A.B. asks: 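Would you mind keeping the following structure in view while I ask a few things?
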There are 2 protein chains.
Amino acid sequence: MGLRHAVLAALCDEEYSGYQLAKAFDVGVANFWSASPQQLYSELTRLEQAGLISGREVVQLDRPNKRVFTVTPAGLEELAKFAAADSKPLSFRDDLLVKIQVIDQLDPEPVIAQLEERAAEASAKLELFGQILLRLRGDLDEQTFLRRGEQIGPYLTCLGGIRFQQVVRDWSTTTAEVLRQRRGTS
Amino acid sequence: MGLRHAVLAALCDEEYSGYQLAKAFDVGVANFWSASPQQLYSELTRLEQAGLISGREVVQLDRPNKRVFTVTPAGLEELAKFAAADSKPLSFRDDLLVKIQVIDQLDPEPVIAQLEERAAEASAKLELFGQILLRLRGDLDEQTFLRRGEQIGPYLTCLGGIRFQQVVRDWSTTTAEVLRQRRGTS
DNA sequence: CATGACTAGTCAATTTCTTGGGTAGGGAAC
DNA sequence: GTTCCCTACCCAAGAAATTGACTAGTCATG
């Protein structure tokens, strides 16, 4: 039931079609979850059948029509119940960390390349998230916005995403450097 | 096939029984992956059938006997292939972030409590990871160990785990504070 | 000497996720 | 004018993960 609530949360912000949601969740721009398009389409169908969201056809002239979804009062209630319940412990899963764990038994070259690639991705996300922050808080400064702004939820998650990506970038960079240095000396 | 390689990586470090692995993966002490006991037992069976690990019965007098597993040469090869291949992009999933995303529409109280709980968990892990670091590097200082130590893989992943948990702790704390302040003024 | 807690492991049902397709119309590139 | 990419959505098979059991022996607590 994880995706269910993530989708509801995303739709709280604004209307989305399945395709638009897929874009957001795919890149992880919705920096609190990630999912494949197929998962999203089927989840949207189930949510609509459960009456937690409702769809609306939008006619488009220059491209195929789409259905956009909004959260119903029942959906909001579901979210409220979800928020009040305990969160499941944060569990972490990452291929690249697994590779680093056993790096001493392996050829480090390809892993170094992957670390650098990841650092670059993290930089790109940092840029993107920075822009989103600016857009969200408008012309207020952060302190003021957080105290008196109207919609601080997305801002707070974005702040978390930024801190996380900073760690990813920095750790990847320094780890790659450590491995590169050892390559030279061994 | 994610768990498969995570288990192989864990067994590279030292022999483990299913139960011991479960403990490590459950807490996420193996700070690069997490999995339930059932998953681990079935994965171990499959890995043994595939010849990537081999089991050995250990007779214990004061408690039930156990089977401990080691990685075979074929298993190491599998890991090497895995490390050389591209990593799948890091995908993030967290209940608590979802709740924060829609916090403006919800009662913040229970979420604040959850943030504080998570901060406490992160602190505990930081303590634990710090001890692991010390144990891993022995009496060398970090610089020297990273340059000339023999087994730096687990150390590097642990460093990553620490940075990550720091972000979790700090973000949770400041976010809880922001929400608490707004509660007062609204 | 019963109760609960810990070690050690297994089975089965269900849900969730991933993978790899397929349909269909529009616009741009070459 | 054909090939490619983008929007928009759907289906189904199979892999992986979660959930909730259940067996069985040891040890400590009261």
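A quick note: this is a predicted structure, and the numbers were derived from the prediction, not measured. Proteins come first, then strands; the chains are lettered A, B, ... in the order of their sequence lines, and each starts at number 1.
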A.B. asks: Could you check B/Ile103, B/Thr175, B/Leu179 and say which one makes a side-chain contact (heavy atoms from CB on, under 4.5 Å) with B/Ile112?
C.D. replies: B/Leu179

A.B. asks: I need the CG-C1' distance between A/Leu21 and D/dC9, as an integer number of Å.
C.D. replies: 13 Å

A.B. asks: What is the separation between atom OH on B/Tyr16 and atom P on C/dA8, rounded to the nearest whole Å?
C.D. replies: 13 Å

A.B. asks: The criterion is side chain to side chain donor-acceptor pair (under 3.5 Å); which residues satisfy it with B/Arg135, sequence neighbours excluded?
C.D. replies: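 None.
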
A.B. asks: By the 4.0 Å heavy-atom rule, please label A/Arg4 as base, sugar-phosphate, or nothing.
C.D. replies: nothing

A.B. asks: Name the residue closer to the 5' end of DNA chain C, choosing between A/Leu61 and B/Phe69 according to the nucleotide with the nearest heavy atom.
C.D. replies: B/Phe69

A.B. asks: Backbone N or O of B/Leu52 within a donor-acceptor pair of the B/Glu78 side chain at under 3.5 Å?
C.D. replies: no

A.B. asks: Can you sort out which residues in residues 37-60 of chain B have a heavy atom within less than 4.0 Å of DNA chain D? Ascending by number, please.
C.D. replies: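 Output list: B/Gln38, B/Gln39, B/Arg46.
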
A.B. asks: Is a side-chain N or O of A/Trp171 found less than 3.5 angstrom from the main chain of B/Leu156, in a donor-acceptor match?
C.D. replies: yes

A.B. asks: Starting at CZ of A/Arg93 and ending at C1' of D/dA15, how long is that distance when rounded to a whole Å?
C.D. replies: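 In whole Å, D/dA15 C1' lies 13 Å from A/Arg93 CZ.
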
A.B. asks: Please report the distance, rounded to the nearest Å, between CZ in B/Arg63 and P in D/dA28.
C.D. replies: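 Checked: the CZ to P distance equals 10 Å.
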
A.B. asks: What residues, two or more places apart in sequence or in another chain, satisfy side chain to side chain donor-acceptor pair (under 3.5 Å) together with A/Asp141?
C.D. replies: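 Once residues adjacent in sequence are excluded, the partners of A/Asp141 under the side chain to side chain donor-acceptor pair (under 3.5 Å) criterion are A/Thr144.
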
A.B. asks: Just jot down the side-chain contact (heavy atoms from CB on, under 4.5 Å) partners of A/Leu136, sequence neighbours excluded, or say none.
C.D. replies: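 Testing A/Leu136 for side-chain contact (heavy atoms from CB on, under 4.5 Å), a comparison that skips the adjacent residues, returns A/Ile132, A/Pro154, A/Tyr155.
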
A.B. asks: Of the nucleotides C/dG9, D/dC9, C/dG25, which has the atom closest to the B/Tyr19 side chain?
C.D. replies: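 The nucleotide sitting nearest to the side chain is C/dG9.
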
A.B. asks: Check whether any side-chain nitrogen or oxygen of B/Ser36 sits under 4.0 Å from OP1 or OP2 of D/dT19, and answer yes or no.
C.D. replies: no

A.B. asks: Verify the distance criterion only: is there a donor paired with an acceptor across the side chains of B/Arg169 and B/Gln165 at less than 3.5 Å?
C.D. replies: no

A.B. asks: Look at the side chain of B/Asp94 and the backbone N and O of A/Leu90, then say whether any donor-acceptor pair between them is shorter than 3.5 Å.
C.D. replies: no

A.B. asks: What is the distance from NZ of B/Lys66 to C1' of D/dT26, rounded to the nearest Å?
C.D. replies: 15 Å

A.B. asks: Describe, as an angle rounded to 10 degrees, how the axis at the first end of the helix from C/dC1-D/dG30 to C/dC30-D/dG1 is tilted relative to the axis at the last end, five pairs per end.
C.D. replies: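 Inter-axis angle at the termini of the helix from C/dC1-D/dG30 to C/dC30-D/dG1: 30°.
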
A.B. asks: Without decimals, in angstroms, what is the distance between A/Asp62 CG and D/dT7 P?
C.D. replies: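 My rounded result for the distance is 11 Å.
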
A.B. asks: Could you tell me whether the side chain of B/Thr157 and the main chain of A/Gln101 form a donor-acceptor pair under 3.5 Å?
C.D. replies: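 Judged by distance alone, no pair lies under 3.5 Å.
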
A.B. asks: For A/Gln20 and D/dC6, what is the distance between atoms CD and C1' respectively, to the nearest whole Å?
C.D. replies: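 After rounding, the reported distance stands at 14 Å.
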
A.B. asks: With the criterion being N/O to N/O and under 3.5 Å, what pairs connect the protein with nucleotides 1-5 of chain C, and how long is each?
C.D. replies:
none

A.B. asks: Please confirm whether A/Phe164 and B/Phe164 have ring centers closer than 6.0 angstrom.
C.D. replies: yes

A.B. asks: In whole Å, what is the span from the NZ atom of B/Lys23 to the P atom of C/dA8?
C.D. replies: 10 Å

A.B. asks: Are more than 12 heavy atoms from other residues, nucleotides or ligands located less than 6.0 Å from atom CD of B/Gln143?
C.D. replies: no

A.B. asks: Any idea which of C/dT18, C/dC17, D/dT7 is nearest the A/Pro64 side chain?
C.D. replies: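 Selected nucleotide: D/dT7.
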
A.B. asks: Between B/Arg182 and A/Gly149 (side chain of the first, backbone of the second, donor and acceptor by atom type, cut-off under 3.5 Å), is there such a pair?
C.D. replies: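 Judged by distance alone, yes, a pair lies under 3.5 Å.
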
